[in-house]
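Heads up, the thing below is written out as structure tokens.
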Amino acid sequence: MELLDLALVWAFIIGFGVIMYVLMDGFDLGVGILFPFAPTEQDRDVMMNSVAPVWDGNETWLVLGGAGLLGAFPLVYSILLPALYIGVFLMLAGLIFRGIAFEFRFKARTSRYLWNWAFAGGSTVAAFAQGVVVGTYIQGYETANGVFTGGAFDWLTPFTVLTGLGLLAGYALLGSTWLILKTEGRLQEWAYKITLPLLAAVLVVFGIISVWTPFIDDMVRDRWFSNLSLIWILPALTLLCAFQIFRSVRNRFEGMPFVATMGLFITAYLGLIVSRWPYLVPPDYTLWDAASAYDSQLFLLIGLLIVIPFVLTYTAWTYWVFRGKVRAGEGYH
């Protein structure tokens with residue numbers, strides 16, 4: 001097998017890990033974003049119990065993708081981390097705060113409100129930081145000879161702030177549709193009520209980003225507009241998913257809003273990949289430029305192909321065991 005083939009295999013594996021993380025950790029980050037706006041404290045208990053059994057397993061995909069990226073494409077780390085030190089630190093700090101809040105809030109009494117804010121604040125900061133990272137990837141990096149040459153705050157621009165807000169709204173939409181699926185009564189009705197405004201916010205932000213992006217990068221503009229082709233099916237599928245969310249919420253379906261929201265994220269993610277393919281570090285370095293040595297890629301690949309089936313099996317089993325509605329007074333803890 002040639003190095004070219006291994007680079008493609010690794011690109012697929014890491015891409016798969018990223019979308020798994022976005023979909024599976026996105027809804028529990030979304031629950032945290034919505035946490036301060038829940039109708040009652042009892043509803044917040046139910047919201048946290050709905051994700052408590054799965055949240056730490058969901059973050060396995062972040063570790064898996066990050067480790068795979070380091071081993072298979074080290075050049076990405078040597079450029080990405082110096083460019084995003086502050087943003088990545090904020091993301092990790094947010095994830096740590098929300099992880100601690102998960103455990104302490106269930107036992108706290110007088111200090112519970114502090115853990116509520118830690119959970120909500122950590123979720124919000126982590127989600128916004130992830131959106132900023134995506135925006136920075138879209139706008140590209142200043143590099144020379146494989147080294148980042150930009151400033152410490154190049155990641156913080158009006159465009160990246162917009163992508164951060166867009167991912168906040170998107171995760172909140174995943175969270176609200178998850179609550180429709182997993183809860184009932186007053187909390188479910190509240191989730192139905194906020195889903196369509198969140199969908200509208202997501203579509204507005206995604207629309208602005210879609211219009212703005214071609215002005216940032218000539219390659220993206222040429223790819224989408226120079227030769228109209230099958231890639232335009234992706235925006236069409238995104239709008240179809242959005243319509244399905246609208247339709248299923250209006251008809252009070254329980255499972256379809258969440259499924260359609262995942263579809264919306266998948267099509268938007270594929271659109272991002274198509275826009276930048278095959279550049280891992282835009283605008284200069286392709287995935288083949290960034291790839292590690294053949295032996296390193298092959299060694300890591302063998303290990304990962306053993307681990308991934310176990311992770312998928314554990315994940316599927318966890319969701320099966322904790323299937324069904326979450327009710328007040330019941331939960332994982």
Side-chain angles (χ1 to χ4, degrees), residues 8 11-12 14-27 30 127 130-131 133-135 137-140 159-160 162-178 180-181 192 194-280 282-283 287:
L8 287 172
F12 173 80
I14 293 171
F16 175 75
V18 169
I19 192 59
M20 287 292 288
Y21 171 76
V22 168
L23 294 178
M24 300 181 70
D25 205 40
F27 70 79
Q130 289 176 19
V133 168
V134 172
Y137 172 74
I138 294 172
Q139 72 180 12
F159 181 78
T160 61
L162 183 64
T163 57
L165 294 175
L167 198 60
L168 270 177
Y171 279 171
L173 179 62
L174 271 173
S176 68
T177 53
W178 170 259
I180 290 173
L181 175 66
Y192 274 123
I194 64 174
T195 294
L196 293 184
L198 287 172
L199 174 62
V202 169
L203 292 177
V204 168
V205 175
F206 278 15
I208 295 173
I209 291 172
S210 298
V211 173
W212 196 339
T213 301
F215 292 97
I216 292 177
D217 192 293
D218 293 338
M219 186 195 77
V220 174
R221 181 171 63 248
D222 292 341
R223 180 157 294 178
W224 282 91
F225 296 103
S226 294
N227 183 24
L228 298 182
S229 61
L230 288 177
I231 64 174
W232 279 90
I233 197 174
L234 294 174
L237 289 174
T238 301
L239 292 176
L240 181 62
C241 290
F243 173 75
Q244 187 61 35
I245 297 169
F246 173 81
R247 176 177 172 274
S248 56
V249 169
R250 292 292 296 269
N251 291 317
R252 287 298 193 265
F253 297 153
E254 294 190 336
M256 184 53 67
F258 184 64
V259 173
T261 303
M262 289 195 294
L264 186 148
F265 267 81
I266 291 171
T267 54
Y269 176 70
L270 291 175
L272 174 61
I273 291 176
V274 168
S275 298
R276 282 301 191 182
W277 181 264
Y279 291 91
L280 276 185
L287 63 97

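The shown structure was predicted, so the numbers you read here are calculated from the model rather than taken from an experiment.
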Hey, what do you get for [atom1] ([X]) to [atom2] ([Y]), rounding to the nearest 0.5 Å?
| X | Y | atom1 | atom2 | value |
| --- | --- | --- | --- | --- |
| Gln130 | Thr163 | CD | OG1 | 11.5 Å |
| Ile245 | Leu173 | CD1 | CG | 5.0 Å |
| Ser176 | Leu198 | OG | CG | 5.0 Å |
| Thr267 | Ile233 | OG1 | CD1 | 10.5 Å |
| Leu23 | Leu174 | CG | CG | 7.0 Å |

| request: Please name the pair of heavy atoms, one in Gly263 and one in Cys241, separated by the smallest distance, quoted to 0.1 Å. | output: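 Closest approach of Gly263 to Cys241, heavy atoms only: C-SG, 3.5 Å.
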| query | Run the side-chain contact (heavy atoms from CB on, under 4.5 Å) check on Leu196 and Arg250 step by step: do they pass? | reply | CA-CA 9 Å; Leu196 293 184; Arg250 292 292 296 269; 4.0 Å; yes
| query | Which residue, Val18, Val22, Leu234, forms the side-chain contact (heavy atoms from CB on, under 4.5 Å) with Tyr269? | reply |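 It is Val18; the other options fail the test.
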| Among Ile208, Val202, Ile209, Leu203, the one residue meeting side-chain contact (heavy atoms from CB on, under 4.5 Å) with Val205 | Ile209
| query | Is the shortest heavy-atom distance from the side chain of Phe206 to the side chain of Leu264 under 4.5 Å? | reply | yes
| request: Determine, stepwise, if the pair Ile266 / Leu237 fulfils side-chain contact (heavy atoms from CB on, under 4.5 Å). | output: CA-CA 10 Å; Ile266 291 171; Leu237 289 174; over 6 Å; no
| request: Begin from the C-alpha positions of Ile180 and Tyr192 and carry the test side-chain contact (heavy atoms from CB on, under 4.5 Å) through to its verdict. | output: CA-CA 7 Å; Ile180 290 173; Tyr192 274 123; 3.6 Å; yes
| request: Measure up the Trp212 and Phe159 rings against each other and bin them: parallel (under 30°), tilted (30 to 60°), perpendicular (over 60°). | output: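 Answer is perpendicular, since the angle exceeds 60°.
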| request: Return the orientation label for the Phe265 and Tyr171 ring planes: parallel under 30°, perpendicular over 60°, tilted otherwise. | output: parallel
| Can you list the steps and then say if Met256 with Thr177 is a side-chain contact (heavy atoms from CB on, under 4.5 Å)? | CA-CA 9 Å; Met256 184 53 67; Thr177 53; over 6 Å; no
| said: Keeping Asp25 on the side-chain end and Tyr21 on the backbone end, is there a donor-acceptor pair under 3.5 Å? | reply: no
